[in-house]
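Computed from a prediction, not measured in an experiment: that's the story for all the values here.
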Amino acid sequence: ETGVTQSPTHLIKTRGQQVTLRCSSQSGHNTVSWYQQALGQGPQFIFQYYREEENGRGNFPPRFSGLQFPNYSSELNVNALELDDSALYLCASSSPWGSGADNEQFFGPGTRLTVL
Amino acid sequence: AQRVTQPEKLLSVFKGAPVELKCNYSYSGSPELFWYVQYSRQRLQLLLRHISRESIKGFTADLNKGETSFHLKKPFAQEEDSAMYYCALRGHNYGQNFVFGPGTRLSVLP
């Protein structure tokens, strides 16, 4: 069983650019959630994908978008980057809703994004 | 609105001393409560959840609905307990997301 992986590890972009972050979910998990963790804060929920559909979204603008693929891997896209987007972006996968194990999220190591 | 507060950014205790990390929440309904831990250079991982009523690594947490609290306790702290601790909640409905607190850094001194 492989854990959640994320790529890249680090990324530096300039304001106004676009970025794509990638996540591979843990084997058997079809739900992926993305979080933004600014320095000194807890993770903040961006959105969740289940069976390739977005089924929950936090208080983030539309320039934050995502995709989930048939193999349950996922992407987070951020357009028109702003300085405040600098953060650690975490991906977490979990078991299907109602499976009894769906309330445990398994986190990836994160992607550190720096916007200059 | 869903919200989780952890009043202490940093908590330092000596090895063998009791430790309590505070967590309060606001939620209209009955949420599920969790504690997540992040050890140095490791990823965020689940420590315990209130529905399991379990003790993990000597830690326990009791959900107090009257006080809307879910404090994490351990009677005798160990140096290896030093880590970042996050309290989190989730609603029961389908698609409910996790809401995390800002975290408390626990430092257990020798």
Answer yes or no: are there more than 12 heavy-atom neighbours, outside [X] itself, under 6.0 Å from its atom [atom1]?
X: B:Y39; atom1: OH; result: yes
X: B:L10; atom1: CG; result: yes
X: B:E80; atom1: CD; result: yes
X: A:N71; atom1: CG; result: yes
X: B:F76; atom1: CZ; result: no
X: A:R63; atom1: CZ; result: yes

Whatever's closer than 4.5 Å to a heavy atom in chain B on A:F47 counts as neither

Close approach to chain A in residues 101-110 of chain B, criterion heavy atom under 4.5 Å:
B:G101, B:P102

Under a plain distance cut-off of 3.5 Å, with no hydrogens placed, do B:Y86 and A:Q37 share a side-chain donor-acceptor pair?
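Yes, because at least one side-chain N or O of A:Q37 sits under 3.5 Å from a partner of the opposite role on B:Y86.
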
Over all heavy atoms of both residues, which pair between A:Y35 and B:F98 is shortest? Give the atoms and the distance, please.
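Minimum heavy-atom separation between A:Y35 and B:F98: OH-CB, 3.2 Å.
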
Tell me the closest heavy-atom pair linking B:R43 and A:P109, and the distance in Å.
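So the two residues come closest at NH2-CD, 3.5 Å.
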
Could you see if A:V115 belongs to whatever hydrophobic cluster contains A:L90? Use Ile, Leu, Val, Met, Phe, Trp, Tyr and a side-chain cutoff under 4.5 Å.
no

How far does OH of B:Y36 sit from CD of A:Q105, to the nearest 0.5 angstrom?
5.0 Å

To the nearest 0.5 Å, tell me how far B:L46 CG sits from A:F107 CZ.
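If I round to the nearest 0.5 Å, the distance is 9.5 Å.
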
Test salt bridge (Lys or Arg N to Asp or Glu O under 4.0 Å) applied to A:R22 - qualifying residues, sequence neighbours left out
A:E75

Considering residues at least two apart in sequence or located in another chain, which fulfil the salt bridge (Lys or Arg N to Asp or Glu O under 4.0 Å) criterion with A:E52?
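Expected list: none.
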
Which residues from residues 6-14 of chain A are near chain B, with near meaning under 4.5 Å between non-hydrogen atoms?
none

